[in-house]
Every structure is written in structure tokens, then in C-alpha cells.
Amino acid sequence: MAKVFVIDIAKCSGCYNCQLACKDEHCGNDWKPYAAPQPMTGHFWMRVTDHVQGTIPKVKIHYMPRLCNHCENAPCMAIAQNGAIYRREDGLVVIDPDKSVGQWQLADACPYGAIFWNEALEIPQKCTGCAHLLDHGYHLPRCVEACPTDALKFGEEDELKDLIQGAEVLHPEFGCGPKVYYRNIPGKFIGGTLYDPVEKEVVIGAKCRLISGGKVWTTETDGFGDFWFKDLPVGVFALVIEAEGFQIKRFDGLCTQEAVNLGDIPMER
């Protein structure tokens, strides 16, 4: 039996309700033996981060709720002394607020930066999955309960297997075996706007082909003269643009380490 979180980035509106709900549940509330009170500032056991791609006017933004991954191979557990960090039968990883006193090294052990140091209490702290609620008849952590778009899911790994399929974890190269899965994390994009500098009009219906490593993506400019290639992997691309009555336009060496906005592109006749 293992509890997991599944987060659908496409459904996250960046309302921060999950972050606020976590604060409301843990700030000023002593839930020992699960957790001591969370400080009012400095700690984000659930943190929503915004990710902006592109440049004006072609900008895309998405939001990512981040929390402890309750890893299967948790690095923090490996260096904890006196059983200060333990894994529950449901898979949630919990820091014992009494046994962890003075163990500052645990705050640096998480490669995801999900463990915080409480200066006043001299203990490391993080998300508990609201284990104190689960053990008293509640079915969901506060963050999941507070999500208005149903972007956050929580439950048994077997029950959520359909959602987990095709999802990804953050930094799999760490080898930690995270139990927080993300769906629909946007890839990079290449976009631009075509226009006729003579007629001073946008070019509609132009054929756009993007090429990289033998793979080809195709699209057409819309009613605003815009074209978008979305959810691209990081790589180097060539772009070929063809429009009736205009010369072929080509761009080589487009690198998607960051999103690429080619801006306004004049088409010559």
C-alpha cells in the first residue's frame, strides 16, 4: 500500500489555494507526533511556483505545486539519526519532531529542497501528507481538498494507476523514486507572426514545417498570422515557411533550451 500525489499542470490555475491551505493547517497548530507548528514565514511545505516561457507578446505561463516527494529511496532517511525520519505503512515519509531536534543536516539532504529548518525549534520540517488527518478519518490532505480545479489528486498508487500512466516525476536522475507524479508539464515552444510588409497585412494559412533529427512538425498560421509549435523537447530545430506568392523563409539552429519567439517576420514576394 502506497499513497501518491498526482498533479495535473494543465488544470492548475495558480490560485495558490493549496499553498494557503497548508499554511492554515500547520501554522500555529501543534500536530505532534506528526509535526510541530510550521513557522508563519520562510517555510512552504506546499509551494506553487510559476514558470514563464517566451517573450511578449508570445508568452506562456504554467504553475507547479511542489511538495515533499515522499521518495521511495529518500536521501533524508539514509542520514537521519535515531529514527528521526520514518516511512509509514501508507508510504508517507514523516520527520519525527522530537527525535529530529538538532539534526540540521536533514534540511540539506533533500535534493528537491523540500525540507526546511525551523530556527526557533531547531528541527527540520516538511510536508507530512497531512498524516494527522488521514489517521483520524479524513481521506485527503488539506492541499488536495482545497484545490478548486481538481488539479491535485491523492490516493492509493493502484487506484490512480491510470493517471500515473504517462505522467512524470521531477528529476528522475536523482534516483529517489518520487511518489509525486506530474501530468501535462508543458514543453518548449517556437512561435512567430508572419506579415506582408507591402500590404501591411498578416499572412494567413502559411505552411510551417519544423524539423529536428528526422522528425517533422507541421502547422499553419492562423487568422492573426501567428504560428505555434508547442510542447517541444529541448533540441535544435530548422523552420521552413511557405506561403503562396511569397519567397520561402528558413530559420536554422533554433535552440529550445528556452522558448523561442521569432517575433514579427516579414515575407518577401
Side-chain angles (χ1 to χ4, degrees), residues 5-16 18-19 44 46-67 69 111-114 147 149 151-153 163-176 178 180-195 202-243 248-267:
F5 291 83
V6 181
I7 301 174
D8 191 337
I9 300 305
K11 293 182 178 180
C12 180
S13 64
C15 69
Y16 292 87
C18 57
Q19 184 172 304
F44 293 95
M46 166 61 83
R47 180 199 298 267
V48 177
T49 58
D50 62 297
H51 300 263
V52 181
Q53 298 190 69
T55 54
I56 295 173
K58 286 185 167 45
V59 176
K60 296 293 183 183
I61 184 169
H62 67 272
Y63 301 91
M64 290 192 66
R66 305 281 296 271
L67 66 159
N69 283 280
Y112 295 97
C147 180
T149 62
L152 275 65
K153 295 285 190 180
L163 293 177
I164 293 173
Q165 186 174 5
E168 56 189 298
V169 297
L170 300 183
H171 297 291
E173 69 275 13
F174 291 165
C176 298
V180 178
Y181 297 90
Y182 291 87
R183 295 177 55 84
N184 298 313
I185 299 177
K188 306 300 181 181
F189 74 78
I190 294 176
T193 304
L194 306 186
Y195 73 97
V202 297
V203 179
I204 300 171
K207 310 293 185 183
C208 304
R209 286 185 295 124
L210 196 65
I211 307 160
S212 179
K215 188 173 182 180
V216 179
W217 295 257
T218 61
T219 190
E220 295 185 2
T221 53
D222 60 20
F224 300 98
D226 292 334
F227 66 88
W228 297 86
F229 292 96
K230 301 177 182 178
D231 293 326
L232 298 172
V234 173
V236 179
F237 298 80
L239 172 63
V240 179
I241 302 172
E242 299 177 80
I248 294 176
K249 182 82 71 173
R250 183 182 178 101
F251 296 86
D252 292 304
L254 299 176
C255 179
T256 53
Q257 192 67 42
E258 299 292 340
V260 178
N261 174 19
L262 292 170
D264 296 334
I265 303 170
M267 298 293 287

> Which atom pair, heavy atoms only, marks the closest approach of Ala206 to Leu194?
Replying inline: CB-CD1, 3.4 Å
>> Would you say that Arg183 contacts Leu163 through its side chain, given a criterion of any heavy-atom pair below 4.5 Å between the two side chains?
In response: yes
> Counting distance only, does the side-chain N/O of Tyr182 pair as donor-acceptor with the main-chain N or O of Pro65 below 3.5 Å?
Replying inline: yes
> Looking at side-chain heavy atoms only, is the closest gap between His62 and Gln53 below 4.5 Å?
Replying inline: yes
> Distance-only, no hydrogens or angles: does the Gln19 side chain make a donor-acceptor pair with backbone N or O of Val48 under 3.5 Å?
Replying inline: yes
> Which heavy atom in Ala151 sits nearest to a heavy atom in Cys12, and how many Å separate them?
Replying inline: CB-N, 3.8 Å
> Can you check side chain to side chain contact (heavy atoms under 4.5 Å, CB included) on Ile204 and Asp222, steps first, answer last?
Replying inline: CA-CA 6 Å; Ile204 300 171; Asp222 60 20; over 6 Å; no
>> Walk me through whether Leu170 and Arg66 qualify under side chain to side chain contact (heavy atoms under 4.5 Å, CB included).
In response: CA-CA 10 Å; Leu170 300 183; Arg66 305 281 296 271; 3.2 Å; yes
Distance-only donor-acceptor pairs under 3.5 Å for side chains of residues 225-234, two or more places apart:
from   : atom 1 : to     : atom 2 : distance (Å)
Asp226 : OD1    : Lys58  : NZ     : 3.0
Asp226 : OD1    : Thr193 : OG1    : 2.5
Asp231 : OD1    : Gly187 : N      : 3.0

>> Any non-hydrogen side-chain atom of Leu254 less than 4.5 Å from a side-chain atom of Asp252?
In response: no
>> Restricting to non-hydrogen atoms, name the atom on Val203 and the atom on Ala243 that form the minimum distance, rounded to 0.1 Å.
In response: CG1-CB, 3.9 Å
>> Does any part of the side chain of Ile7, heavy atoms only, come nearer than 4.5 Å to the side chain of Met64, both counted from C-beta?
In response: no
>> For a 4.5 angstrom cut-off between non-hydrogen side-chain atoms, does Val202 reach Phe224?
In response: no
>> Could you check whether any side-chain heavy atom of Ile265 comes within less than 4.5 Å of a side-chain heavy atom of Lys249, counting everything from C-beta outward?
In response: yes
> Should the pair Glu242-Arg209 be classified as a salt bridge under the 4.0 Å nitrogen-to-oxygen rule?
Replying inline: yes
>> Tell me whether the rings of Tyr112 and Phe174 are parallel (<30°), tilted (30 to 60°) or perpendicular (>60°).
In response: perpendicular
> Ser212 and Val236: which non-hydrogen atoms are nearest, and at how many Å?
Replying inline: OG-O, 2.9 Å
> In Å, rounded to the nearest 0.5 Å, how long is the span from OH of Tyr16 to CG of Asp50?
Replying inline: 5.0 Å
> Just wondering, more than 12 heavy atoms not from Glu220 lying within 6.0 Å of its CD?
Replying inline: yes
> What is the minimum heavy-atom distance between Cys255 and Val260, and which atoms define it?
Replying inline: O-CG2, 3.3 Å
>> Show, in sequence, the C-alpha distance, side-chain angles and deciding distance for Lys11 and Ile9, and conclude whether the side chain to side chain contact (heavy atoms under 4.5 Å, CB included) test is met.
In response: CA-CA 5 Å; Lys11 293 182 178 180; Ile9 300 305; over 6 Å; no
>> So which atom in Val180 and which in Val169 form the shortest heavy-atom distance, rounded to 0.1 Å?
In response: O-CG1, 3.7 Å
>> Assess the residue pair Val240 and Ile248 against the criterion (side chain to side chain contact (heavy atoms under 4.5 Å, CB included)); give the C-alpha distance rounded to whole Å, side-chain angles, the decisive distance to 0.1 Å, and a yes or no.
In response: CA-CA 7 Å; Val240 179; Ile248 294 176; 3.8 Å; yes
> In this structure, which one of Phe189, Trp217, Phe251 forms a ring-ring contact (aromatic ring centres under 6.0 Å, His included) with Phe237?
Replying inline: Trp217
>> For the backbone of Lys188 and the side chain of Thr256, can you confirm whether one donor and one acceptor N or O come within less than 3.5 Å of each other?
In response: no
> Can you find a heavy atom in the side chain of Asn261 that is under 4.5 Å from one in the side chain of Ile190?
Replying inline: no
>> Donor-acceptor check, side chain of Thr219 to backbone of Cys208, threshold 3.5 angstrom: yes or no?
In response: no
> How long is the gap from CG on Leu262 to CG on Leu239, to the nearest 0.5 Å?
Replying inline: 6.5 Å
> Would you say Met267 and Ile241 make side-chain contact, with heavy atoms under 4.5 Å?
Replying inline: yes
